[in-house]
Every structure is written in C-alpha cells, then in structure tokens.
2 protein chains.
Amino acid sequence: MNVGVLGSGSVGQALAGKLAELGHDVVLGTRDPANVAEKKGYAPSLGEWLATVAGAARLGTFAEAAAHGELIVNALNGLVAVETLKPLAASLAGKVMIDITNPLDFSRGMPPSVLTYDGASLAEELQRTLPETRVVKSLNTLTAALMVNPRLLADGDHTVFVAGDDAAAKAEVTALLRSFGWGDILDLGDLSAARGLELWLPLWLQLFGVLGRPAFNLKIVR
Amino acid sequence: MNVGVLGSGSVGQALAGKLAELGHDVVLGTRDPANVAEKKGYAPSLGEWLATVAGAARLGTFAEAAAHGELIVNALNGLVAVETLKPLAASLAGKVMIDITNPLDFSRGMPPSVLTYDGASLAEELQRTLPETRVVKSLNTLTAALMVNPRLLADGDHTVFVAGDDAAAKAEVTALLRSFGWGDILDLGDLSAARGLELWLPLWLQLFGVLGRPAFNLKIVR
C-alpha cells in the first residue's frame, strides 16, 4: 500500500522504516527534504535514517507525503499538527489517518501539561480540521521502537489502543497493528476516547524518568 | 494502629473494612454519622456496611476520624476534599495521609475533565493546604475492591503507585499496601507525580465503559 508518513522525528522514522520493511511504498514527509544532516531531536538525522532503510523508502515534503499515501501516519509534533495539516485537507480527504500525536506543552517545565481544545483532544481537533479524513488515534501511548516492534518487550504481552469514529478505518488500523506484531489491541470506542489516551502522557513521562529508559508499556489486566 | 478514614463512599468503606479486618482500630469519618440509611452512591448504606464489619470498626464525624487516626486515609470526593480537610489541619499535623482522591468534574458530561490547581494536582493542593501532614498519593488509579484485595485480579500481577515528598511516609504506605497483598508497588518520586496519576482517570473511565466492569487495572510492563 502507498503510505505517507508526516513528521520525521523518532516516531515518523520508526513507522516509515517498519512500513517499508513490510513492503509498503512509503514517503516520509518532512519540512525540508533537502536538509538530511540535521539531528532530529533524540532520533538520527534523516541522512542516517535513509542509510538504514537502504532505498526502501524516500523523503518528500509534507504535501508530497500526503498526496502519495492511501494511508496516512500523523507523526507530527502535536503543537504544530493542526496548522501543518490544515492546508493539506483536500489531499487527505477520504483517507485513513493514524494519529500518533501528543499535544504536550513543556513551556512550564516538567511534567508538561497536556493541551486540550475546549475540553476535547488533539485527535478530535484534527478530525474537526479534516472532516473528510478518517482519523484513528493509536500508538501515542508508548515509545517509538515498541510501536513497531512490540515483541521486543515481554514477547508483546502489553496493550495498544485504537479510537475513532469510523469502524472500517479502525479495522484497517487494527490489521496494520497486527502486522507489526501487536496482539492486545483494545478498541476504546469513538474518537472522544483520545482524551484519555493523550492524558496518559504525563504518567508515561514520569515513569520514563523513574525507570530511566523508554522501553516499557502498560498492559490492561482484565 | 489507629486509623482515621475520611469519606464513606465505596473507597472509604473498602479501606476501613480491610484495615479493620487486618486488626487496626478504625474510625470511618462521614458527614453525618447518624444517617446510616442513605445509599452512598454505588456503595451500600453505612448501616449495611456496619453489619459487614460486625463491630470491628465504628463511625464518627470527619473531626473524630481525623483526631483518632495515627494514619489517615483520604477517601473524600475530590471536589470537596480541600474545603473539608482545611479546618482539620491541626488535628492532621505530623500524620501520614494516604490520598486516594480524584478531582473529577462531570459537569460537562463524559468523559469528565480532571481539575488542576494552577497546573498542579489535587494531592499537591492538599499538601499546600496541610503543610504539616505527610501526604502520599496512592490507590487512586483503580477500583475500590481491588485496592484492598489486589489478588482478586490475575493473582495480583498488576501495578499500584506511591508518590510523595516524605520518604518515611512512603515507606509506611508501601508496608500497608504489602499487607493488602500488593506486590508491584512503583515509587514515582515526589508528589508532583500525582499529576500523572490523577490524569489517568479519563482513560480508566473509558476502559470501564468499554469493558463493562471495574475489575481491571494497569500493569507497567518493564
């Protein structure tokens, strides 16, 4: 399948790399595709990333990635996701979009606050901004390496969530998660469930600080 | 040990009952100890509760429970906890207080919003209100029956948290949790970690809706 991944930090790199490895035709969208030398936060530079995927995926602008994808992965910084995606609405219409963003505001220090949009989640705000796109919140609750390789931890015995208003879109995302190795995929209902998923992040960040490494996840024991 | 439990809903009843069963001398504080017939939300009336504890615990006012306890359990409704506890500050000075409250505002429907206090948690606001009390946040992340009987679910293989500014107080609470049957007790650091613990509740409530029962919990797989 043609996939457009928007955002080239550690999450975008991990998703685009895994999707290419699984045989999908991937464009990784980034603000400036010519700038492959700059470190992307904690992630490698795009030059280093291109070397790891060995020609199986390519870089493009956000607009090129959005146009290319039948399926869209939103791995943008949560604080700029709305303004970045709004001009791409026509290109994204009718498509399933996996929304991995978290609207974390670190401006007042740690732990960050989670921004809300008149009480709603960023995922709902994106759905309002892109009414013809089929938004599914998923994967925002854990570290990038585990998103695409859940079996690295406890042989995959931990939980990932999906939430969204379109049942067929959730089924498509669930199938993709299974192809990554996920077994415990919990459907939380409509997109308003993204509020709880985004508000999980302060506890995740606290655990990251206490455990000293990001390779952990929650399991819903039931 | 003498324990004062403040708040007589399902959480206060579960904690007071378990503590009495373990041999502690318990006063369950309630707004009107003479009113034993009224249903307490989803929990039994206090008359029914008294029958289950068979004389091993007794009712009192909030002030009586606060004065009685060497250890305090705060199981009040989060929305009234500050105003209820403030007049009891002298009585609570020097004591360890387990804070189980959640500041959930259902006034705009489901899912509720979690109130914050200039960005901080209710636990921190209570610590500011009661500067001489040794506040430890714990047990606010799961249903009452599992708080005191964790082995009812997956033989206890799930996680509970402690957070607080006083290491000795956290050690005392940890020992109490072990006496309830808890094995996986994760120390999240100082009381600011209560922000993440309180913000977990919208996801907990969504899971409650989807699973259709409250007997679940999270495990931090690591």
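Chain A is the first sequence line, chain B the second, and so forth, proteins listed ahead of strands; every chain is numbered from 1. Note that this is a predicted model, so its numbers are computed, not measured.
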Report summary line: Residues of residues 198-214 of chain B with a heavy atom under 4.5 Å from any heavy atom of chain A, in residue-number order, are B:Leu199, B:Trp200, B:Pro202, B:Leu203, B:Gln206, B:Leu207, B:Val210, B:Leu211, B:Arg213

Query raised in the report: Is the closest side-chain heavy-atom distance between A:Leu153 and B:Val221 below 4.5 Å?
Result: yes

**Report entry** Among A:Asp118, A:Asp187, A:Val114, residue most engaged with chain B (heavy-atom pairs, under 4.5 Å)
**Finding:** A:Asp118

Query - B:Ile220 versus chain A, the contacting section by heavy-atom distance below 4.5 Å - result: both

Report task. Could you list which of residues 97-108 of chain B have a heavy atom closer than 4.5 Å to any heavy atom of chain A, in residue-number order? Result -> B:Arg108

**Report entry** B:Glu132, CD: over 12 other non-hydrogen atoms inside 6.0 angstrom
**Finding:** no

Report summary line: Under 4.5 Å to a heavy atom of chain B? For A:Leu218 that would be both

**Report entry** Heavy atoms of other groups near B:Arg128 CZ, more than 12 under 6.0 Å
**Finding:** yes

